Chemist: 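Take this structure, written in structure tokens, and hold onto it; I'll ask about it next.
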Amino acid sequence: MSTTTIPARPADDAVREGYFGRFGGQYVPEALSGAIAQLTDAWHTAEADPDYLAELDGLRRHYGGRPTPLYLASRLSEEAGIEVWLKREDLAHTGSHKLNNVVGQALLARRMGKPRLIAETGAGQHGVATATAAALFGLACTVYMGAEDCRRQRLNVVRMQLLGAEVVPVTSGTQTLKDAINEAMRDWVTNVATTHYLIGSAMGPHPFPTMVRELQRVISTEMRAQFADQAGGVPDAVVACVGGGSNAIGSFADWIEVEGVRLIGVEAAGEGVGTGRSAATISEGREAVLHGSRSIVLVDDDGQVLPAHSVSAGLDYPGVGPEHAHLASIGRAEYVSTTDAEALDGFRRTCELEGIIPALEPAHAVGWVLRHGREVLGADARVVVTMSGRGDKDVDEVVEVAGWDVGVQRAFDDAAGDAGDGGDAGDGGDGGEERP
Amino acid sequence: MTPTTDVAGPDLAGAQAIQAAFARARAEDRAALIVYVTAGYPDLATSPACYEAAVEAGADILEVGLPFSDPMMDGPIIQAANQTVLDAGTTITQQLELVRSLAHLDVPKVVMTYVTIADTRGYAHFADELADAGIAGVILPDLPVAEADAWLAEAGRRGLATIFLASSVSTDARLDAIAGASSGWVYAAGLLGVTGVNAVAGDVTQELVARVRARTDLPVAVGIGVKDRASAAEVARYADGVIVGSSVVRAAGEGDPAGAPERVRALVTELRTGVAER
């Protein structure tokens, strides 16, 4: 089984390059036109180049740890009342699916002669993956991360710094993922000659949504073969969490043309759809242009982007990749949502029943399956949930937000006395402060 | 020389008003001065007086910034001004009422905002509300020509000029399209980067202006990186117009709101001297 297959683009892309139905496009400042054209060319050349594909495949296997396992989660299945398989992207190097895309783009940056990578990050998983690839290839790296996210994902800030990246806490706007993207775009506009903006999700201007899907397609290609081999046949549904939507589009890609497999994207509903404290873009948003493409966005009547909310920094984004907007509009994929509370339940039950500490992002997918899987999919359903990342980064935040007394905080308090809280997030960051 | 896209046409009322303003400046042997201020800044009550002061001090064209929550092309100064206006709860409708109250100012007014605003309002509705408020043209820095057909149709229907940005990294083919699709003027970016941070890259920008001139008879104005009398004078030596934004917004914002119009007047007076010093 090859871990790297990048087949020709599906026909629906061909309507107009860079568009998925009426979504997508290249809404970028003129200063980026050259870089985008160069990237598009480099990608088209690379995806047809056996040397590129072989190098990518080798790195994925021997450096990244692919293929990742497909695992029948028996105890979660019992709790959900349906058969639940986990695609274990949490076991890939750096602890998430993000490296799939990052290695592919870092190789392109090297081909284009760009010595510097920049990235946005929400939960820090994409930032860590980018910092990792920068170290691997000897490239400079700057990661933009909302100051609020630096606080709640501090472990990943430290990991990026250890890997040699500069982490810039972004204090503008909502201080979360969308503002980190704005700041990365501003950097790119300024330093476009030397810098590749390594976008981490299936969003942004063309070619990013298509390129990121193809680089993440490995998830569904492996999943399809593994499922046939281990379970037989095809699953009734593939379930993945959706922020910008990179693990979801990678999980869906090989199934889009396969009839009978339901594709279910789980958005973060925060405090609930309709509360104004949500990140459920497809459920609550409207068509608009954001960050380089036409998609579905949480905007008000004036076109001002509304603040998203989610306990998960990685899903806390008021937009979504344009192909997801398209798949929703044609009904090929379904988009549901999970509240913070349901996601925290998914988090805890995955820990307790399977011995797997999930990232808060895929905990949304697990939370949905536990709460609604049997009711929506039927008692005989077999589903694959993409476990897109591991949750080490989230444990402090989860214990604090959920208020769970797992005994740890007392142990810390006893050991630390009133010792100060070192390890702030980045220069000028304000991580580590206690919440009111 | 031949525009590849001739959507706009020469007969848009807004474009004619803008080009007349450039012609008046040229007749005085100087560059035109285009002054940007964020609508509703420093507050809704003071904002009209800032525009009046800019015109009285010699601005030939006003650029009215409609704030956006995620201004990708703007540096810290205009970002902060946008946020101040949005935090005050000021709406697009109120900002356009403000524009309507400036009808007595005898200069063309153009709107600078982002495509998300135009798109969410609906291109047709947005073109209507701008034209009804007396706006002559529009700058949408994240709407490239290749994505602009739908907007250009609506802008054209209401006689609005559309000013596209050209960059030193634009290819010849893209400059052809930009020159062909623009009306009113062509906006040459003075540097690679966002507003209000770095200074104009002189040689590179001069070359860009020449490349645009080779493709169109439209005026070419330089913005991004012009901040004071000296840099205005420098750009005025090779461009038809000089666009100043961040430093005007900074002047409006640095101090009590009541004093903002006088601070704007003082700076624009300096800039106007600069554009005649070429």
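Because the structure is predicted, anything quoted here is derived from the model rather than measured. Chain letters run A, B, ... following the sequence lines, proteins first, then strands; residues in each count from 1.
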Chemist: Closest heavy-atom contact between B:Ser167 and A:Ala31?
Modeler: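 Smallest interatomic distance, heavy atoms only, reads OG-CA, 3.7 Å.
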Chemist: Give the member of A:Asp187, A:Val297, A:Leu32, A:Val189 that has the highest number of heavy-atom pairs under 4.5 Å with chain B.
Modeler: A:Val189
Chemist: By a 4.5 Å heavy-atom criterion (distance strictly below it), what part of B:Pro76 contacts chain A: side chain, backbone, both, or neither?
Modeler: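 Contact with chain A involves no heavy atom of B:Pro76 at all.
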Chemist: Side chain, backbone, both or neither: which part of B:Leu191 has a non-hydrogen atom closer than 4.5 Å to chain A?
Modeler: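 Neither the backbone nor the side chain of B:Leu191 comes within 4.5 Å of chain A.
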Chemist: Is a donor on one side and an acceptor on the other found under 3.5 Å between the side chain of B:Thr116 and the backbone of A:Leu290?
Modeler: no
Chemist: Would you mind checking which part of B:Ser170 comes under 4.5 Å of any heavy atom in chain A, side chain (CB onward), backbone (N, CA, C, O), both or neither?
Modeler: both
Chemist: Is A:Arg186 reaching over with its side chain to a backbone N or O of B:Asp74, donor-acceptor style, under 3.5 angstrom?
Modeler: yes
Chemist: CD of A:Glu183 to CG of B:Asp70: how many Å apart, nearest 0.5 Å?
Modeler: 11.0 Å
Chemist: When rounded to the nearest 0.5 angstrom, what is the spacing between CG in A:Asp301 and CZ in B:Arg121?
Modeler: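 It is 7.5 Å, given to the nearest 0.5 Å.
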Chemist: Restricting to non-hydrogen atoms, name the atom on B:Gln79 and the atom on A:Ser172 that form the minimum distance, rounded to 0.1 Å.
Modeler: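 Taking B:Gln79 first and A:Ser172 second, the nearest heavy atoms are OE1-CB, 3.8 Å.
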Chemist: Which atoms of B:Asp119 are under 4.5 Å from chain A, going by heavy atoms: the side chain, the backbone, both sets, or neither?
Modeler: side chain
Chemist: Distance-only, no hydrogens or angles: does the A:Gln304 side chain make a donor-acceptor pair with backbone N or O of B:Pro67 under 3.5 Å?
Modeler: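 Answer holds: yes.
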Chemist: For B:Arg250, does the CZ atom have more than 12 heavy-atom neighbours from other residues, nucleotides or ligands under 6.0 Å away?
Modeler: no
Chemist: Donor-acceptor pair, B:Glu147 side chain versus A:Tyr27 backbone, under 3.5 Å?
Modeler: no
Chemist: Could you tell me which portion of A:Asp300 (side chain, backbone, both or neither) has an atom closer than 4.5 angstrom to a non-hydrogen atom of chain B?
Modeler: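 It is the backbone, since no side chain atom gets that close.
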Chemist: Are B:Phe68 and A:Asp302 packed together at the side-chain level, in the sense that at least one heavy-atom pair is separated by less than 4.5 angstrom?
Modeler: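 Sidechains of A:Asp302 and B:Phe68: no contact.
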Chemist: Looking at B:Val194, B:Thr113, B:Leu66, B:Thr171, which makes the most heavy-atom pairs under 4.5 Å with chain A?
Modeler: B:Val194
Chemist: Chain A: which of B:Asn82, B:Leu143, B:Leu86, B:Thr93 shares the most heavy-atom pairs with it under 4.5 Å?
Modeler: B:Leu86
Chemist: B:Ala118 versus chain A, heavy atoms under 4.5 Å apart: side chain, backbone, both or neither?
Modeler: neither
Chemist: Quick check: are there more than 12 heavy atoms from other residues, nucleotides or ligands sitting under 6.0 Å from CG of B:Asp203?
Modeler: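 Result for CG/B:Asp203: open.
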Chemist: At a 4.5 Å cut-off on heavy atoms, which part of A:Gln26 comes close to chain B: side chain, backbone, both, or neither?
Modeler: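 Both parts, backbone and side chain.
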Chemist: OG of B:Ser69 to CG of A:Asn182: how many Å apart, nearest 0.5 Å?
Modeler: 8.0 Å
Chemist: Measure across B:Ala146 and A:Arg16 and return the closest heavy-atom pair with its distance rounded to 0.1 Å.
Modeler: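 In this case the closest contact between B:Ala146 and A:Arg16 is O-NH2, 3.2 Å.
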Chemist: Taking side chain as everything from C-beta outward and backbone as N, CA, C, O, which of these in A:Val192 sits under 4.5 Å from a heavy atom of chain B? Side chain, backbone, both or neither.
Modeler: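 Contact with chain B: side chain only.
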